[in-house]
Amino acid sequence: MTTINREATPEGDNIKGPNQLHNDLHDIWGNPRGLKALTIVNHTTLGLRFMVTGMVFFLIGGLLAMLVRTQLALPDQDFMSPDIYSQVTTMHGTVMMFLFAIPMLEGLAIYMIPKMIGARDLVCPRLTSLGYWCYLFGGIILSFSLVLEMAPDSGWFMYTPLSSSEYSPGLGSDFWLLGITFVEISALSAGVELVVSILRTRTQGMALHKMPLFAWYILAMALMIVVGFPPLILGSILLELERAVGMPFFEVAGGGDPILWQHLFWLFGHPEVYIIFLPAAGIVSTLIPVFAGRPIVGYGWVVFAITVTGFISFGLWVHHMFTVGIPQLAQAFFSAASMLVAVPTAIQVFVWLATLWLGKPKMKLPMLWIVGFLIIFVCGGLTGVMLALVPFNWQVHDTHFVVAHMHYVLVGGMFFPLIAGLYYWLPLFSGRMPSETLGKWGFWLTFLGFNGTFLIMHWTGLLGMPRRVYSYETGMGWDIFNLLSSMSSFIMSAGIAMVLLDFALHFRFGKPAKHNPWNADTLEWANSMPPSAYNFVSLPKIETRHPLWDDPNLPRTMAEGQHSLAVATHGRREMWGTDPLTGKVREIIHLPGNSWWPLFAAMALAVVCVSLLTRLYPLAGIAVVVAGLFLLRWSWENGAHPKAAPDAEVAPGDPPLHSRTMDGPGLWAMSITLLANGSFFLSYLFGWFYLWTVSPEWRMPETSPLSLVGLILAGVALTAGVVILEKLVRGLRQGKDAGLAVGMYSISALGFVQVAVTLWVLLSADLAVTETSHDAIIMVGLAYALLHGGLGAVLTLLQGLRVGYGFVGAHAPFEPAVVAQWWRYNLVTFWILVGALAVLPRVIGS
C-alpha cells in the first residue's frame, strides 16, 4: 500500500457531523480528571507538564544564581561560607543544564512535533509518560540535597578526584550521580520517541524535503541525545561504583585514571551545547519566515548546516581539555575542529539575515527576542572562536572569561529563542494574546541586564579573576566590575520576572486570539486553540512546505473531517504510519491509551535511586525486580493485545494495523534504543582500552582470569538462539507460524544457558574488583553481558506466552521481529566483549 485517498467521513446514513466526530474522538483520546490524571499519556498534556516543571527548576536555578552574584558583589564577603558557595554554584549549573534547558526544550518538542507533522500523538505515548515521571522524581531527589545541605559541591562537571570519596566523603556526589542518571532516562526516552515519531508518523505526503525546519532541528537534537548521553551515564555508573563499592576506575593507585572521567563527561558535555542550541535555532528558523512574510531562504542549506553541526559537535570534546596535558597534535586537531563548527553556524545566521532582508519583517514581540538572540549569540560565537585557539585558551582557562562566554552561548543561544517561541505559541497554548507592553519591558530589562552582567565578566576574566572562588580581596582591580555585574544581574532577574508575570496573567486577562494570529504556515495552527487531545479530526495530505499559506481553508476542512482517518467507531487511538523518506502511508498505527504502569515503574526506579543513596542495597534489589515486573506488564498490553487494538478490522482500502505488519514503529523504536545502547557499549570499550594504554598504574595480569572455554560455550548458546529466532522470523514473513511457541521457549532456554555459563565464568574468575581497575572493568563488562542475556531470555519467554494467548502469530507477526533485534545486538556485543576482554590480552599480553 502506498497512497491512501480514502475520504474520512463515511458515506450514506453513517455520515456524522463535525460535532459528533469531535465527541467520538474525545471519548477515545480525552484526558481523565481527578487522580486518574496521573495516567495521562497524551503528548499535549505531558509536553506542558515538562515545560511547567522545567520553569519551576529554572526559578530554583535562577535563585541560586542570584545568591552567587550577591556573594561576589563586594570583596571579602562572608554572605556564604566556601562550602555552601561550592554547593550553590554546582547546583546552579546542574539545575540549569540538566533540569531546565534540556527538559524544557524536550517538552516544547513533545508538545509541538505531532502538531507540526500532522500526527495525533507521539509514537510511544507511554514512554513519554515514563520519561516525565523519571524527570520529575530525579529532579526532586537532586533538589532535595539542597534542603539537606548535602548538595554536590564539585562543580556541575564533577571532575574526579574532587568528586571521589576521598575529597567528597558526604552524599553530595552520590545525589548528583544517581539523580542525573535517573533524569537521563527521561532524556533518552524523549530522544528515542522523537526520532521515531518524526521519521514514521508524518502525515500523508509530507516527504522529508517538505518537513518543517523545526522538525529537522528536533530530529538532529534527538539523535544527538541518543548518541551523546550514554557516555555520561556510563561515567556516572563507574564513579558511583567507585564511591560505593571501591572499584578504582578513576584512582591512579588502583590502575585507574581521573582523566577518563573528563573524556566521558565531555563526550556528552560538548554535544549537549548543540543539543541545547539546535532546538532554539529551530525556533528562530520557524519564526523569522513568518514575521518576514516569506519562505526561508536556502531551506536545503539550513538542513545541510543542521546535519554538519550534529556530526562535528561530537569531535570537539577535547577542546574542553586543552590544559590537562594532551599531546600537541591532538590539541591542533581539536582546535581546528572547534573553529570548523563556526561554518554551519554562520550558514544559518546568513540564511536568517537574508530572509529578513528579502522579506518585510514585522517587529512583533517574538521578533524582539529573536533580534536579541542574534546580537548575543554572534558575540558568544566570536569568543568561542577565541577559546578554540590553544594559546588564548591557556591564558583564560578557568577564569570568568569562560563563564561569560558560556552564558553568552547558552543564554543567548537558548533562552532568548525559547522566550521568543513561547510568546509565539502562547495563543496556541491558551487561545489568548500576550501583553506587548509587559513583554517589551521584560525584554529590555533582560537584554540590558544580561549584557551588563556577562559582558563585564569577560573583562574580569581577562584581568585574571578565577572562577569557582567564593571571594576575593579588595585592591585586585575587580571590585567595581563585580559590583556592576551583580547589579545588572538583578536587573535581568526583574526582566525575567516580568516575562513570567506576563505569561501567568495572560491566561486570564489576555485578549482572545483570532485563529492563526501570526499568519503562520505550519500545521500546528490548524489546531483548535487550545488544542484538543487528538489534535486533528482528520489527517490531511500535504503537498507543500507551507500548507496553511497555500490552502488557508485547510484548518476548516480538517476540523470538518473532510480528510483521512476521521473514524472512531473502532475505539482505537490511531494515526498514519508513513514512509520515512516519502511520507507515503504504510500502515495505521494504533496507540496504547492512558496507563498507571509508567508512573508505577518510575516510582519503583525512584525507590532504587533512594535505596542506593542510603546504602539499603537489599531494598534496591527488590525495587529493581518490582520495576522490571511493572515494565513487563506494560509491554504485555502492547501490540495486538485487546487493550491496544480492541478491533483489528480496518476499512476497505486502508492499510493494515501496524501490529499486523513486519515493519511497525516498534522496530524503529528498538533500533534507536539499541543505537543508544551501542553508544554506551562503545564508551565502555573506550574506557577499557584507554585505561589499558594510558593509565600510569594499570596492571595487566600475566594470564587472563577469564575462562575462554566458558565464554565460547556461552557464545555458542547465544548464537544458536539467534539462528533459531531468525528462522522463526523468516517463517512469519512468509505467513508460517507452526511451532512458534515451542521455538520461543527453546530460544529462551538457550538464553538462560548463556546467562548461567557467563555467570560461572564471572564467579570462577575470582576478580579483585576493589583492588585493580583491570578486574573492576572486566566485572562491569560481564555484568553488561549478563543483563542483556537475561533480558533477551525473559523477552523471548514472554513471546512464547503471547503466542499461546493469540497475541502473536502469523496474523500478528510483529513482535518477534522486534525481539530478534535485541538478540542480534546481544550476539554482536557479546563476541566483541569476548575478543576485547579474553582474547586480546592473551594475544598482546601486558
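In this text the structure is predicted, and so the values were computed from the model without any measurement. Residue indices begin at 1 and follow the sequence shown.
- With a 4.5 Å cut-off on side-chain heavy atoms, Thr94 and Leu99 do not count as touching.
- Atoms CG and OG1, on Leu619 and Thr614 in that order, are 7.0 Å from each other to the nearest 0.5 Å.
- Aromatic rings of Phe182 and Trp133 (six-membered ring for Trp) have centroids beyond the 6.0 Å cut-off, not under it.
- Counted within 6.0 Å of CE on Met66, heavy atoms from surrounding residues, nucleotides or ligands total more than 12; the atom is thus considered enclosed.
- In this model, a donor atom of one side chain and an acceptor atom of the other lie less than 3.5 Å apart for Asn451 and Tyr408.
- Phe100 and Phe415 have tilted rings, their planes meeting at an angle from 30° to 60° on a 0 to 90° scale.
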Apply the test ring-ring contact (aromatic ring centres under 6.0 Å, His included) to residues Phe377 and Phe416: give CA-CA distance (whole Å), side-chain angles for both, the deciding distance (0.1 Å), then the verdict.
CA-CA 9 Å; Phe377 185 71; Phe416 275 69; over 10 Å; no
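- The CG atom of Leu178 sits 4.5 Å away from the SG atom of Cys609 when rounded to the nearest 0.5 Å.
- Of the possible donor and acceptor atoms, none in the side chain of Arg468 sits under 3.5 Å from a partner among the backbone N and O of Thr90.
- Side-chain contact check for Leu59 versus Met55: every heavy-atom pair is 4.5 Å or farther apart.
- His458 and Phe401 have perpendicular rings, their planes meeting at more than 60° on a 0 to 90° scale where under 30° would count as parallel.
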Could you walk me through whether Tyr132 and Thr53 satisfy the side chain to side chain donor-acceptor pair (under 3.5 Å) test, starting with their C-alpha distance in whole Å, then the side-chain angles of each, then the deciding distance to 0.1 Å, before giving a yes or no?
CA-CA 9 Å; Tyr132 172 73; Thr53 309; 2.9 Å; yes
Between Asp257 and Phe250, does the side-chain contact (heavy atoms from CB on, under 4.5 Å) criterion hold? Intermediate values first, please.
CA-CA 4 Å; Asp257 190 343; Phe250 307 105; over 6 Å; no
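- No more than 12 heavy atoms of other residues, nucleotides or ligands lie within 6.0 Å of CG in Asp78, so this atom counts as exposed by the packing criterion.
- Across all non-hydrogen atoms, the minimal contact from Ile225 to Ala187 is CG2-O, 3.4 Å.
- Within the 3.5 Å criterion, the main-chain N or O of Ala190 finds no donor-acceptor partner in the side chain of Glu106.
- Judged by distance alone, with hydrogens and angles left aside, the side-chain atoms of Thr128 form a donor-acceptor pair with the main-chain N or O of Cys124 at under 3.5 Å.
- The main-chain N or O of Gly256 is found under 3.5 Å from a side-chain atom of Ser695 such that the two form a donor-acceptor pair.
- Inter-residue side-chain proximity for Thr70 and Ser486 is flagged as unmet; no heavy-atom pair is nearer than 4.5 Å.
- Counting only N and O atoms by type, the side chains of Tyr85 and Ser471 include no donor and acceptor under 3.5 Å apart.
- Atom CG of residue Leu223 and atom CD1 of residue Ile218 lie 11.5 Å apart, to the nearest 0.5 angstrom.
- Relative ring orientation between Phe600 and Trp596 is described as parallel, the plane-to-plane angle staying below 30° on a 0-90° scale split at 30° and 60°.
- The environment of Phe507 atom CZ is dense: over 12 non-hydrogen atoms of other residues, nucleotides or ligands sit within 6.0 angstrom.
- With values rounded to the nearest 0.5 angstrom, His405 atom NE2 is found 5.0 Å from Leu387 atom CG.
- Distance CG/Leu105 to CD1/Ile283: 6.5 Å, rounded to 0.5 Å.
- Taking a 6.0 Å sphere around OH of Tyr617, one finds it holds more than 12 heavy atoms contributed by other residues, nucleotides or ligands.
- Inter-residue side-chain proximity for Tyr690 and Ile259 is flagged as met; some heavy-atom pair is nearer than 4.5 Å.
- Scanning both residues, Val608 and Ala623, for their nearest heavy atoms gives CG2-CB, 3.4 Å.
- The minimum heavy-atom distance between Ser129 and Ile40, with the atom names listed, is OG-O, 3.9 Å.
- Looking at His92, its side chain does come within 3.5 Å of a backbone N or O of Gly61 through a donor-acceptor pair.
- Summarising the geometry of Gly413 relative to Phe277, their closest heavy-atom pair is O-CD1, 4.0 Å, with the distance given to 0.1 Å.
- Judged by distance alone, with hydrogens and angles left aside, the side-chain atoms of Asp775 form a donor-acceptor pair with the main-chain N or O of Ala768 at under 3.5 Å.
- Judged purely by atom type and a 3.5 angstrom limit, Asn482 uses its side chain to pair as donor or acceptor with the backbone of Trp478.
- For the atom pair CE (Met80) and CG (Leu67), the distance works out to 5.5 Å, reported to the nearest 0.5 Å.
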Checking Leu418 against Met104 for the side-chain contact (heavy atoms from CB on, under 4.5 Å) test, could you report, in this order, the C-alpha distance in whole Å, the side-chain angles of both residues, the deciding distance, and whether it holds?
CA-CA 9 Å; Leu418 174 67; Met104 187 75 191; 3.7 Å; yes
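- Annotation: side chain of Ser173 is in contact with side chain of Ser154 (closest heavy-atom distance under 4.5 Å).
- Put simply, the side chain of Phe229 does not reach to within 4.5 Å of the side chain of Phe680, judged on heavy atoms.
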Passes salt bridge (Lys or Arg N to Asp or Glu O under 4.0 Å), Glu240 versus Arg615? Steps please.
CA-CA 12 Å; Glu240 184 57 25; Arg615 305 290 190 257; 3.7 Å; yes
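- Looking at heavy atoms from C-beta onward, Leu64 lies in side-chain contact with Leu146 at the 4.5 angstrom threshold.
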Go through the steps for Leu130 and Trp634 under the test side-chain contact (heavy atoms from CB on, under 4.5 Å), then give the verdict.
CA-CA 11 Å; Leu130 176 70; Trp634 167 0; 3.8 Å; yes
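- Nearest heavy atom pair, residue Val41 against residue Arg126, reads CG1-CG, 3.9 Å.
- Without hydrogens or angle criteria, Tyr472 side chain to Leu72 main chain gives a donor-acceptor distance under 3.5 Å.
- Looking at heavy atoms from C-beta onward, Tyr135 lies in side-chain contact with Phe50 at the 4.5 angstrom threshold.
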Are Met498 and Leu445 close enough, and set up right, to give a side-chain contact (heavy atoms from CB on, under 4.5 Å), and what steps lead you there?
CA-CA 9 Å; Met498 198 161 285; Leu445 288 173; 4.3 Å; yes
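- Proximity of a side-chain donor or acceptor of His788 to a complementary backbone N or O of Tyr784 within less than 3.5 Å is detected.
- Ring-plane geometry between Phe98 and Phe268 is classed as parallel, the angle between the planes falling under 30 degrees on a 0 to 90 degree scale with a further cut at 60.
- Under a cut-off of 6.0 angstrom, the local environment of CE in Met779 is sparse, with at most 12 non-hydrogen atoms contributed by other residues, nucleotides or ligands.
- Side-chain atoms of Trp261 come within 3.5 Å of backbone N or O of Met158 as a donor-acceptor pair.
- Pairing each heavy atom of Leu260 with each of Phe249, the nearest pair is CD2-O, 4.4 Å.
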